[in-house]
Amino acid sequence: MKTLAKWSVDDYHRMVEAGILRGRHVELLAGEIVEMSPESPIHYTTAKRGAKYLEELLSGRADVRFNGLITLSDSEPEPDIAIVRLPESSYNDRHPAPRDIFWIVEVAKTSLNKNLEIKAAIYATAEIQEYWVLSLSAKEMIVLRNPQNGKYVEKYTIGEGMITPLAFADVSVSVKRLLS
């Protein structure tokens, strides 16, 4: 039997500060330091365009972070897009925590299972109310809501049309725009 060492967020920060992880594209997931998959051009472009689109829709109402870290109790993932509370200056000395996060968006080409299993469990455990996964291969968005006991109990798949995020009942987001 193999026993893995689990790392705390503080341990992880000390490793980063000491330069131990320099040059490695990693994130802390449920206490494990995990290599991140290289981003394909379509993954990067979709995430960047999606962040710009959400910035337009939520201007003055939320900070839309692109490829930025968030800090959870035992994880420090780097979601493709995180929609968080203003003011942006709140994050000068720390990354957004669950209390700051409205919802998260991940883009998946080869990482769909990781996003729907590992990351969904991490985000649900942190009680992040809404989580969207953009599946590039299926050209659809998977919406996860209502976290309970480390799992999302609501799951919807949307191929086109509009969605209203839980945090902003007066905002309509085009699924097609996010996936283009």
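These numbers were taken from a predicted model, which means no experiment stands behind them.
To the nearest 0.5 Å, atoms CG (Leu72) and CD1 (Ile128) are separated by 5.0 Å. Distance check, rounded to the nearest 0.5 Å: CD1 of Ile163 to CD1 of Ile158 gives 4.0 Å. To the nearest 0.5 Å, the span separating OG1 on Thr46 from CG on Leu136 amounts to 4.5 Å. If you take OH on Tyr123 and CD1 on Ile118, they are separated by 11.5 Å, rounding to the nearest 0.5 Å. Separating the OH atom in Tyr131 from the CD1 atom in Ile101 is a distance of 12.0 Å, to the nearest 0.5 Å.
Taking the side chain as every heavy atom from C-beta outward, Thr71 and Val9 approach each other to under 4.5 Å. The shortest distance between side-chain heavy atoms of Val171 and Thr164 does not fall below 4.5 Å.
Pairs of residues two or more places apart, or lying in two chains, never qualify as salt bridge (Lys or Arg N to Asp or Glu O under 4.0 Å) while including a residue from residues 154-167. Applying the side-chain hydrogen bond (donor to acceptor under 3.5 Å, both in side chains) test to every pair with at least one member in residues 166-180, sequence neighbours left out, gives these pairs: Arg61-Asp170. Under the salt bridge (Lys or Arg N to Asp or Glu O under 4.0 Å) criterion, the residue pairs touching residues 138-147 are Glu130-Arg145, with sequence neighbours excluded. Sorted by first and then second residue, the ring-ring contact (aromatic ring centres under 6.0 Å, His included) pairs involving residues 42-63 (not counting sequence neighbours) are Tyr44-Phe66. For residues 10-19, the set of pairs meeting the side-chain hydrogen bond (donor to acceptor under 3.5 Å, both in side chains) definition, not counting sequence neighbours, comprises Ser8-Asp11, Asp11-Arg14, His13-Glu76.
When the shell of 6.0 Å around NZ of Lys109 is examined, it contains 12 or fewer heavy atoms from other residues, nucleotides or ligands. For Lys151, the NZ atom sits in a loose shell: 12 or fewer heavy atoms of surrounding residues, nucleotides or ligands are nearer than 6.0 Å. Summarising the local packing, CZ of Arg94 is surrounded by more than 12 heavy atoms from other residues, nucleotides or ligands at distances under 6.0 Å. A 6.0 Å sphere centred on CG of Asn92 holds more than 12 heavy atoms belonging to other residues, nucleotides or ligands.
Among residues two or more places apart in sequence or in another chain, the salt bridge (Lys or Arg N to Asp or Glu O under 4.0 Å) test is passed with Arg99 by none. For Arg24, the salt bridge (Lys or Arg N to Asp or Glu O under 4.0 Å) partners two or more places apart in sequence, or in a different chain, are Glu35. Residues passing the salt bridge (Lys or Arg N to Asp or Glu O under 4.0 Å) test with Glu127, sequence neighbours excluded: none. Under the side-chain contact (heavy atoms from CB on, under 4.5 Å) criterion, Pro87 pairs with Ser89, Ser90, sequence neighbours left out. Applying the side-chain contact (heavy atoms from CB on, under 4.5 Å) criterion to Leu86, with sequence neighbours excluded, gives Asp63. Under the ring-ring contact (aromatic ring centres under 6.0 Å, His included) criterion, Phe102 pairs with Phe168, not counting sequence neighbours. For His95, the side-chain hydrogen bond (donor to acceptor under 3.5 Å, both in side chains) test picks out no residue, with sequence neighbours left out.
With salt bridges taken as basic N to acidic carboxylate O contacts below 4.0 Å, one links Glu27 and Lys119. Under 4.0 Å is where a charged nitrogen must lie from a carboxylate oxygen, and between Asp80 and Arg65 no such pair does.
A donor-acceptor contact shorter than 3.5 Å is absent between the side chain of Ser135 and the backbone of Met141.
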